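First the structure, in the form of structure tokens, and then the observations on it.
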Protein chains: 2
Amino acid sequence: MTNTLAFAALADPTRRAIFERLAVGPRAVGELADGMPVSRPAVSQHLKVLKEAGLVTDRPEGARRVYQIDPAGLGQIRAWLDRFWNTALESFKAEVEREENA
Amino acid sequence: MTNTLAFAALADPTRRAIFERLAVGPRAVGELADGMPVSRPAVSQHLKVLKEAGLVTDRPEGARRVYQIDPAGLGQIRAWLDRFWNTALESFKAEVEREENA
DNA sequence: CTAATGTGTTAGTCATGACTTACTGTAAGT
DNA sequence: ACTTACAGTAAGTCATGACTAACACATTAG
């Protein structure tokens with residue numbers, strides 16, 4: 001399941017911090033690393049994970065490499081969560097009603 | 001951030017399998033362990049993680065212990081993802097328009 | 001062509017996590 | 001009270017992951 005990769009990617013706080021920066025707009029690796037508590041190679045590795053999870057895309061721009069959020073990947077786990085949310089909530093309501101008739 | 005716990009919890013395939021079973025309705029530990037490829041103690045440990053992440057609640061029922069999905073926990077990360085989805089999509093559209101005028 | 005900038009990769013360390021087996025604790029049945 | 005069923009805990013193993021430092025590669029500037 002590709003959901004495993006996406007959730008695992010978002011489970012790391014450093015990666016979520018990078019991801020949130022990318023939500024503002026496309027950024028190069030060096031820009032992202034500046035002001036972060038970890039080294040630039042660490043950021044590069046995190047971006048690789050996010051890319052393999054389908055959450056970001058990258059494109060070369062001169063000597064730099066610009067990363068950008070991929071709405072498709074984000075939408076996928078959002079869809080999973082939504083589907084899940086419905087069945088879980090339905091089951092939850094049914095359980096509450098069952099308790100009320102006890 | 002409690003989001004870290006929730007995402008980390010859902011990142012594990014075994015835990016998602018347990019979680020999906022709970023989406024159908026409340027279950028005891030033994031019921032969940034039956035038909036799963038891992039041992040009962042493993043399931044018990046996974047449930048502990050899900051509980052600490054705020055994704056499930058547990059209540060004693062005689063000698064057994066029944067676990068149930070907590071809609072609040074699920075709703076929290078859903079809200080996070082939704083907020084994120086909006087800003088990311090907005091930034092994405094802006095970027096596309098920027099490219100069209102180039 | 002050479003130097004400088006920006007980035008990915010490799011190797012190695014340290015911590016964390018998923019799992020099993022064995023044990024402990026608790027509630028119900030006889 | 002003793003036994004049986006159900007579940008959490010402890011200890012130990014094995015794999016994975018986050019990080020840094022050092023290196024290799026590509027692109028632009030001079």
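Numbered from 1 within each chain, the chains take letters A, B, ... in sequence-line order. The structure presented is a predicted model; accordingly, all values stated were derived computationally and were not measured.
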Can you tell me how far the CD1 atom of Ile77(A) sits from the CG atom of Asp82(A), to the nearest 0.5 Å?
10.5 Å
Hey, could you give me the CZ/OG1 distance between Arg15(B) and Thr4(A), rounded to the nearest 0.5 Å?
11.0 Å
On the nucleotide [N], are OP1 or OP2 found under 4.0 Å from the side-chain N or O atoms that [X] carries?
| X | N | result |
| --- | --- | --- |
| Ser44(B) | dG8(D) | yes |
| Ser39(B) | dC19(C) | no |
| Tyr67(A) | dG8(C) | yes |
| Thr14(B) | dC19(C) | yes |

Can you tell me whether the side chain of Arg15(B) and the base of dG17(C) have a donor-acceptor pair closer than 3.5 Å?
no
Using only heavy-atom distances, decide whether a donor-acceptor pair under 3.5 angstrom links the side-chain of Glu61(A) to the base of dT27(D).
no
Take atom [atom1] of [X] and atom [atom2] of [N], then tell me their distance rounded to the nearest Å.
| X | N | atom1 | atom2 | result |
| --- | --- | --- | --- | --- |
| Gln45(B) | dT9(D) | CD | C1' | 8 Å |
| Arg65(A) | dG8(C) | CZ | P | 6 Å |
| Met36(B) | dC19(C) | CE | P | 8 Å |
| Arg64(B) | dT26(C) | CZ | C1' | 15 Å |
| Arg59(B) | dG8(D) | CZ | P | 14 Å |
| Ile18(A) | dT7(C) | CD1 | P | 13 Å |
| Lys48(A) | dG17(D) | NZ | C1' | 13 Å |
| Asp58(B) | dT9(D) | CG | P | 10 Å |

According to the interplanar angle, ranging from 0 to 90°, do the rings of Phe19(B) and Phe84(A) count as parallel (below 30°), tilted (30 to 60°) or perpendicular (above 60°)?
parallel
Classify Pro60(A) by what it touches in the nucleic acid, base, sugar-phosphate, or nothing, heavy-atom distance under 4.0 Å.
nothing
Among dA18(D), dT20(C), dT7(C), find the nucleotide with the atom closest to the side chain of Asp12(A).
dA18(D)
Validation row: Val66(B), Asp58(B) side chains within 4.5 angstrom (heavy atoms):
no
If you assign Ala8(A) and Ala63(A) each to the DNA chain D nucleotide with the nearest heavy atom, which residue ends up on the more 5' nucleotide?
Ala8(A)
What one should report as the nearest heavy-atom pair of His46(A) and Asp12(A) is CE1-OD2, 3.6 Å
